[in-house]
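Okay, so here's the structure we're looking at.
Heavy-atom basis, side chains included; hydrogens, waters and symmetry copies ignored. Here is how names work: the chains are called A, B, and so on, in the same order as the sequence lines, proteins then strands, and each is numbered from 1. The shown structure was predicted, so the numbers you read here are calculated from the model rather than taken from an experiment.
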Amino acid sequence: MAKKAKTAISPTREEDYPEWYQQVIRAADLAEISPVRGCMVIKPWGWAIWENMQRELDRMFKETGHENAYFPLFIPMSYLEKEAEHVEGFAKECAVVTHHRLEPNADGDGLTPAGPLEEPLIVRPTSETIIGVMYAKWIQSYRDLPILINQWANVVRWEMRTRMFLRTAEFLWQEGHTAHATRQEALDETRLMLDVYARFAEEFMAMPVIKGEKTADERFPGAVQTLSIEAMMQDRKALQAGTSHFLGQNFSRAQDMTFQNQEGEEEFCWTTSWGVSTRLVGALIMTHSDDDGLVLPPRLAPKHVVILPICRSDEDRATVLPYCESLKQDLAKQTFAERPVEVMIDDRDLRGGEKNWYHIKRGVPLRVEVGPKDIAKNGVFVGRRDTGEKSPAGRDEFVTNIGRTLESIQENLFARALKLREDNTRPIGDLEEFKAFFTAKNTKKPEIHGGFASCHFVEDPAVLELLKKLKVTIRCVPLAADDESAPEGTCIFTGQPTRQRGIFAKAY
RNA sequence: CGGGGUGUAGCUCAGCUUGGCUAGAGCGCUACGUUCGGGACGUAGAGGUCGCAGGUUCAAAUCCUGUCACCCCGACCA
């Protein structure tokens, strides 16, 4: 007999956060590790979440003037060699294609690669180079600019250690690549897309983020400036959720991407690139889920409401099922976030409790039980995933209020996540306090500790060395704090005077 | 690529130190019955060339050698 567990997920977040994360994914049936090293299979429920993310992001990209296109998976090795810093950054983790066919082995058992390529191809770890080559062909005049293109694609980075959604060898993402006539225009674009990401994270994922600039050592290989959004997960570690890079003229120089300006002079383009990946699904999981499994913000949930018919007999079925069907119809006519409410009926022949837990673990925002007793009162019995509240409601009242209820769940999740971040963010002006903040009491099995520390600092090799020892990273220099009026302070590591303040945290 | 560990049923694992009959458990799965408004129970079943290749032995999941894969800790990272 199965012991009645207190929580649906074991271990709990407190007991073992990384293991909890894996178990949530499994319990919600989002994805599964595949037989292919470092690669995962995204299952229907996980894919549906990604599709919703894509839909909203794609809409936002288009609203800001971008178009979609598609570039090849393979990139000639020589392309990668053009931008020195870029190669340095990605060379260590490239999948390389060296042959174009297979032949039977001499002993007739198995296959062996044959037909070596004259020039090896790499599987794109990102597409700056191939896209740059194409842009160079497309751009002659300032009239050809700007080019504002996005692509939805898969990329491969041969990571040593992988974790589902957070870091896999192959992952899905979108990468925007733009080319502009002026530096300022490219800078504006970089910032615009960061704002799009931040808005998406906060409004759709209900995940508060800090917008900031990366320090030199955390910058995208080849970029002049890297902006990112950083979120705090429930174990108080930071997760970089999206990046927007100002590439200056580094890539356009390397790829000879030039245009003639209005004065007839030849100039290099100013380019940007920006991306978010399936990592966002991981961020979503770690931001909201609890010890009973996944919790989905309504704006990204594949289903908003699941109706659970309670039938004890065939006679019950005859009345309950039609009632559920009509409830579904009525709910589907309602809207939430300018879209129809998504409803499903789960009439599988399973026990009530089992079905209930199934949907709890998958994070469906609202569960509605409908049985003969409810029907007699023309009511429903509603369970809210975010708060765990369960209460009876009148059928019509429930239907009319559905949009508002979902909105309140969305807001509650955001507020809860924001509170977690605020409770665990603090300014630190003293090195000893800084060390204590980031040191677990239990050295063998570190408990959840630390958070975001906001500190004055200067960029210095000695600082990086110390941070490395503590396993702490500079997440970013928040954009809001980056102005002339920022208060003067002293670097907590070197004692030098500085206005620069950064967010420090352990990170994924 | 350094240090440690693990490969046995769909999943999680026991058995290995000290070789021995038909290789086990829990969960899951199938059938039937009793159940059914928060994770049911009973009975009966299906399911394994013990990662792979050699070796030692009358006999190998167990001992030895090799090999592959995966996991954890480092280095690296959206």
Q | Gap in Å between the two P atoms, one belonging to B:rC50 and one to B:rA61, rounded | A | 7 Å
(Q) Just to be sure I understand the rule, does A:Ser277 reach a base, reach only the sugar-phosphate, or reach nothing, if contact means heavy atoms closer than 4.0 Å? (A) base
Q: Could you check how far CD1 of A:Ile25 sits from P of B:rC11, rounded to whole Å?
A: 18 Å
Q.
Just the rounded figure in Å: distance from P of B:rC36 to CZ of A:Phe381.
A. 18 Å
Q.
Within the 4.0 Å heavy-atom criterion, would you say A:Gly371 contacts the bases, only the backbone, or no part of the nucleic acid?
A. base
Q) Looking for any heavy atom pair under 4.0 Å, which part of the strands does A:Arg26 touch: base, sugar-phosphate only, or nothing? A) sugar-phosphate
Q: Determine which nucleotide pairs with B:rU57, using a 3.5 Å limit on both distances of a Watson-Crick or G-U wobble pair.
A: none
Q.
What is the distance, to the nearest angstrom, from the CE atom on A:Met207 to the C1' atom on B:rA78?
A. 13 Å
(Q) Using ring centroids (six-membered ring only for Trp), state whether A:Phe61 and A:Trp274 fall under 6.0 Å. (A) yes
Q) On a plain distance test, is the side chain of A:Asp374 in donor-acceptor contact with the base of B:rG37 below 3.5 Å? A) yes
Q) Taking the six-membered ring where the residue is Trp, are the ring centres of A:Phe457 and A:Phe504 under 6.0 Å apart? A) yes
Q. Distance between the C1' atoms of B:rU8 and B:rC13, in whole angstroms?
A. 9 Å
Q. So what does A:Ser313 touch, heavy atoms closer than 4.0 Å: a base, only the sugar-phosphate, or nothing?
A. nothing
**Q.** Rounded interatomic separation in angstrom, taking CZ from A:Arg351 and P from B:rU35
**A.** 12 Å
Q: Round to the nearest Å and state the distance from A:Tyr358 atom OH to B:rG28 atom P.
A: 16 Å
Q | Separation of atom CG in A:Asp349 from atom P in B:rC32, rounded to whole Å | A | 11 Å
Q.
What contact category does A:Gln240 fall into here, base, sugar-phosphate, or nothing, at under 4.0 angstrom with non-hydrogen atoms?
A. sugar-phosphate
(Q) Any carboxylate oxygen within less than 4.0 angstrom of a Lys/Arg side-chain nitrogen, looking at A:Arg385 and A:Asp290? (A) yes
(Q) Between B:rC63 and B:rC11, how far apart are the two C1' atoms, rounded to whole Å? (A) 30 Å
Q) For B:rG33, what is the paired nucleotide under Watson-Crick or G-U wobble rules, both distances under 3.5 Å? A) B:rC41
Q: For B:rG74 and B:rC27, measure between their C1' atoms and round to the nearest Å.
A: 35 Å
Q: Please state how far atom CZ in A:Arg219 lies from atom P in B:rA78, giving the value in whole angstrom units.
A: 14 Å
Q) If you look at every strand shown and take non-hydrogen atoms under 4.0 Å, does A:Leu308 touch a base, only sugar-phosphate, or nothing? A) nothing
Q. Are any of the side-chain nitrogens in A:Arg395 or A:Asp374 under 4.0 Å away from the carboxylate oxygens of its partner?
A. no
Q: Have a look at A:Lys355 and say if it touches a base, only the backbone sugar-phosphate, or nothing, with a 4.0 Å heavy-atom cut-off.
A: nothing
Q) Are A:Asp291 and A:Arg13 close enough for a salt bridge, meaning some N to O gap below 4.0 Å? A) yes
(Q) Nearest to the A:Ala8 side chain among B:rG74, B:rG39, B:rA78, which nucleotide is it? (A) B:rG39
Q. Ring of A:Trp173 versus six-membered ring of B:rA78: centres under 5.5 Å and planes under 30°?
A. no
Q) Which value, in whole Å, describes the distance between the C1' atoms of nucleotides B:rU17 and B:rA53? A) 25 Å
Q | Salt bridge flag under 4.0 Å for residues A:Asp195 and A:Arg191 | A | yes
Q: Look through every strand shown and name the nucleotide pairing with B:rA46 as Watson-Crick or G-U wobble, where both distances are under 3.5 Å.
A: none
Q. Which value, in whole Å, describes the distance between the C1' atoms of nucleotides B:rU22 and B:rC70?
A. 32 Å
Q: Mind calculating the distance between CD (A:Glu354) and P (B:rC27) to the nearest angstrom?
A: 14 Å
Q | A:Glu14 atom CD, neighbour heavy-atom count above 12 within 6.0 Å | A | no
Q | Nearest-angstrom distance, C1' atom, B:rU49 to B:rG37 | A | 49 Å
Q. Looking across every strand, which nucleic acid part, if any, lies under 4.0 Å from A:Ile360 by heavy atom: base, sugar-phosphate, or nothing?
A. base
**Q.** Most 5' of A:Phe171 and A:Ile375 on RNA chain B, judged by nearest nucleotide
**A.** A:Ile375
Q. Given that both distances must come in under 3.5 Å, which nucleotide forms a Watson-Crick or G-U wobble pair with B:rC70?
A. B:rG5
Q: Could you check which nucleotide pairs with B:rA14 in any of the strands shown, counting Watson-Crick or G-U wobble with both distances under 3.5 Å?
A: none
Q | Among B:rA78, B:rC76, B:rG37, the nucleotide that comes nearest once only the side chain of A:Lys92 is considered | A | B:rC76
Q) If you measure from the P atom in B:rU6 to the same atom in B:rA78, how many Å do you get, rounded? A) 33 Å
Q) Aromatic ring centroids of A:His177 and A:Tyr135 under 6.0 Å? A) no
(Q) Regarding A:Lys361, tell me which of base, sugar-phosphate or nothing describes its non-hydrogen contacts under 4.0 Å with the strands shown. (A) base
